[in-house]
Asks: 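There's a structure below that I have some questions on.
Just so we're clear, the structure is a prediction, and the values are computed from it rather than from any experiment.
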Amino acid sequence: MLKDADRVFLEEKFLSKFDFSDEDREKVIKNCKNKFMKKDEILYQDNEGYYGYIIIKNGILRAYVTSNTLKEITIFRVKSGEECILSSNYTTTSFGKELNFQIEECCEFLFIPMQIYQELKEKYPSVTNHTLKLISKKFSSVIEVIEQALFLPLSDRIRIFLEQNCKNKTIKITHEQLANHLGSAREAISRTLKDMEKSGEIERKRGFITILSSDFKRN
């Protein structure tokens, strides 16, 4: 059974978006679960126990693909207050790769089983429209990542990542983690960060990267 705080969160982030009948509202509340996963844990695609609609309460969920050479590249990240659909029907990219999901920061989330969500989607057009918007957003992320990988120099891709993910101009991240996000080699990341530090754009210190330049942006 959901705690009162979880019910409030579910109401705000999901139930209030749709005109459900009282019966369907209660079905969602009854079947919704609160789950917690530790940093670096994987939500395995073949585990149907995690197929469903996920709303992140705290933490970050990372969606990524792995190339034939075992390089990883982040497609999108799901942060606090955001949602995604985890199912074999919704997690194949436009170029045929299966998305993998990893806990980037210790994650607490609400989980609506796929069977319940599917019933709602079939019954309410508004849920179908919401699903299509989520899929469209994911597709846009795939296209953006591909464009950046093909047409932007690594330094610009690093700048974009830092702009999007730094808090107060600082992020805790290793060179290996950054390489995995961008689908690059760790050695290339290290060289580029060193050049950016020499030019006064950033500072590296004990696993942290801090933006120094007030006009830090893509060249």
Side-chain angles (χ1 to χ4, degrees), residues 35-111 114 131 133-167 171-190 192-193 207-209 218:
K35 293 182 178 289
F36 177 83
M37 296 186 72
K38 296 179 181 179
K39 176 180 170 64
D40 295 330
E41 283 193 85
I42 302 293
L43 276 71
Y44 290 102
Q45 288 283 42
D46 58 356
N47 183 355
E48 294 190 12
Y50 282 106
Y51 281 180
Y53 186 92
I54 291 175
I55 314 170
I56 305 296
K57 286 194 69 179
N58 300 289
I60 299 176
L61 177 64
R62 171 185 173 236
Y64 68 97
V65 294
T66 303
S67 71
N68 294 334
T69 58
L70 301 183
K71 285 185 178 180
E72 298 178 4
I73 185 167
T74 299
I75 301 299
F76 60 85
R77 300 157 91 216
V78 190
K79 303 179 181 180
S80 299
E82 298 179 345
E83 65 278 291
C84 71
I85 300 172
L86 181 59
S87 167
S88 57
N89 293 330
Y90 299 106
T91 55
T92 301
T93 65
S94 57
F95 48 91
K97 288 286 187 179
E98 286 286 335
L99 285 175
N100 303 294
F101 291 86
Q102 179 185 40
I103 303 301
E104 185 173 321
E105 294 181 3
C106 288
C107 208
E108 180 186 9
F109 58 89
L110 297 187
F111 172 79
M114 180 51 68
T131 303
K133 287 180 181 179
L134 289 179
I135 294 173
S136 176
K137 183 178 179 181
K138 184 196 76 174
F139 180 76
S140 296
S141 297
V142 171
I143 296 301
E144 182 179 1
V145 168
I146 292 174
E147 287 180 342
Q148 290 180 9
L150 290 176
F151 302 116
L152 291 183
L154 182 57
S155 57
D156 279 351
R157 295 170 61 203
I158 291 175
R159 291 184 183 99
I160 291 172
F161 180 86
L162 295 179
E163 286 178 326
Q164 292 176 343
N165 295 286
C166 278
K167 296 180 180 179
I171 186 172
K172 183 178 181 181
I173 192 168
T174 66
H175 293 190
E176 184 70 30
Q177 289 170 330
L178 186 54
N180 286 339
H181 280 298
L182 300 180
S184 182
R186 183 185 60 79
E187 294 79 6
I189 293 290
S190 297
T192 305
L193 288 175
F208 289 86
I209 299 176
R218 196 174 73 191

Asks: Using side-chain contact (heavy atoms from CB on, under 4.5 Å), reason through Ile56 and Glu83 one step at a time and then give a plain yes or no.
Replies: CA-CA 6 Å; Ile56 305 296; Glu83 65 278 291; over 6 Å; no
Asks: At their closest point, which heavy atom of Ser184 faces which heavy atom of Leu154, and how far apart are they?
Replies: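 Scanning both residues completely, I find the closest heavy atoms to be OG-CD2, 3.8 Å.
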Asks: Please say which of Ile75, Leu99, Val65 ends up in a side-chain contact (heavy atoms from CB on, under 4.5 Å) with Val142.
Replies: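 It is Ile75; the other options fail the test.
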Asks: Is the backbone N or O of Glu144 less than 3.5 Å from a side-chain atom of Glu147, with the two atoms forming a donor-acceptor pair by type?
Replies: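 Such a contact is absent between Glu147 side chain and Glu144 backbone.
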Asks: Of all heavy-atom pairs between Leu61 and Gln102, which one has the smallest distance, and what is that distance?
Replies: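 Looks like CD1-O, 3.5 Å.
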Asks: Taking it one step at a time, do Ile85 and Thr131 satisfy side-chain contact (heavy atoms from CB on, under 4.5 Å)?
Replies: CA-CA 8 Å; Ile85 300 172; Thr131 303; 3.6 Å; yes
Asks: Is there a side-chain contact between Leu43 and Ile54, using heavy atoms and a 4.5 Å cut-off?
Replies: yes
Asks: Enter the distance from Leu178:CG to Leu193:CG here, rounded to the nearest 0.5 Å.
Replies: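 Here the rounded value is 6.0 Å.
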Asks: Would you call the rings of His181 and Phe161 parallel, tilted or perpendicular if under 30° counts as parallel and over 60° as perpendicular?
Replies: tilted
Asks: Under 3.5 Å, side chain of Glu82 to main-chain N/O of Lys79, donor-acceptor pair present?
Replies: yes
Asks: Working to the nearest 0.5 Å, report the span between CD1 of Ile146 and CD1 of Ile73.
Replies: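 Reported value, rounded in 0.5 Å steps: 8.5 Å.
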Asks: Taking all non-hydrogen atoms of both residues, which atom of Leu86 and which atom of Met114 are closest, and how far apart?
Replies: O-CE, 3.9 Å
Asks: Drop me the distance from Arg62's CZ to Glu104's CD, to the nearest 0.5 angstrom.
Replies: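 Rounded to the nearest 0.5 Å, the CZ-CD separation comes to 7.0 Å.
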Asks: Using the ring of Phe109 (Phe, Tyr or Trp, six-membered ring only), decide whether Lys35 places NZ or CZ under 6.0 Å from its centre and within 45 degrees of its axis.
Replies: no
Asks: Got a second to check how far Cys166's SG is from Ile171's CD1, nearest 0.5 Å?
Replies: 5.5 Å
Asks: Assess whether side-chain contact (heavy atoms from CB on, under 4.5 Å) is satisfied between Asn180 and Thr74, documenting all intermediate values.
Replies: CA-CA 7 Å; Asn180 286 339; Thr74 299; 5.9 Å; no
Asks: Just checking, is any N or O donor in the side chain of Arg157 or Gln148 under 3.5 Å from an acceptor N or O on the other one?
Replies: no
Asks: To the nearest 0.5 angstrom, please state how far the CG atom of Asp156 sits from the CD atom of Glu163.
Replies: 9.5 Å
Asks: Using the rule given for side-chain contact (heavy atoms from CB on, under 4.5 Å), can you reason through Ile160 versus Leu152, listing the C-alpha separation, both sets of side-chain angles and the distance that settles it, and then say yes or no?
Replies: CA-CA 10 Å; Ile160 291 172; Leu152 291 183; 3.7 Å; yes
Asks: Looking only at heavy atoms, what is the nearest atom pair of Ile60 and Cys107, with distance?
Replies: N-SG, 4.1 Å
Asks: Is Ser141 reaching over with its side chain to a backbone N or O of Lys137, donor-acceptor style, under 3.5 angstrom?
Replies: yes
Asks: Taking all atoms of both residues into account, what is the closest heavy-atom pair of Phe101 and Phe76, and its distance?
Replies: CE2-CZ, 4.2 Å
Asks: Return yes when atom NZ of Lys39 has more than 12 non-hydrogen atoms of other residues, nucleotides or ligands closer than 6.0 Å, and no otherwise.
Replies: yes
Asks: Which heavy-atom pair separates Gly183 from Lys71 by the least distance, and what is that distance?
Replies: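 Smallest heavy-atom distance, with atoms named: O-CD, 4.0 Å.
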Asks: If I take atom CG from residue Asn100 and atom OG1 from residue Thr66, how far apart are they, to the nearest 0.5 angstrom?
Replies: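 Those atoms lie 5.0 Å apart.
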Asks: Can you find a pair of side-chain heavy atoms, one from Phe36 and one from Cys106, that are under 4.5 Å apart?
Replies: yes
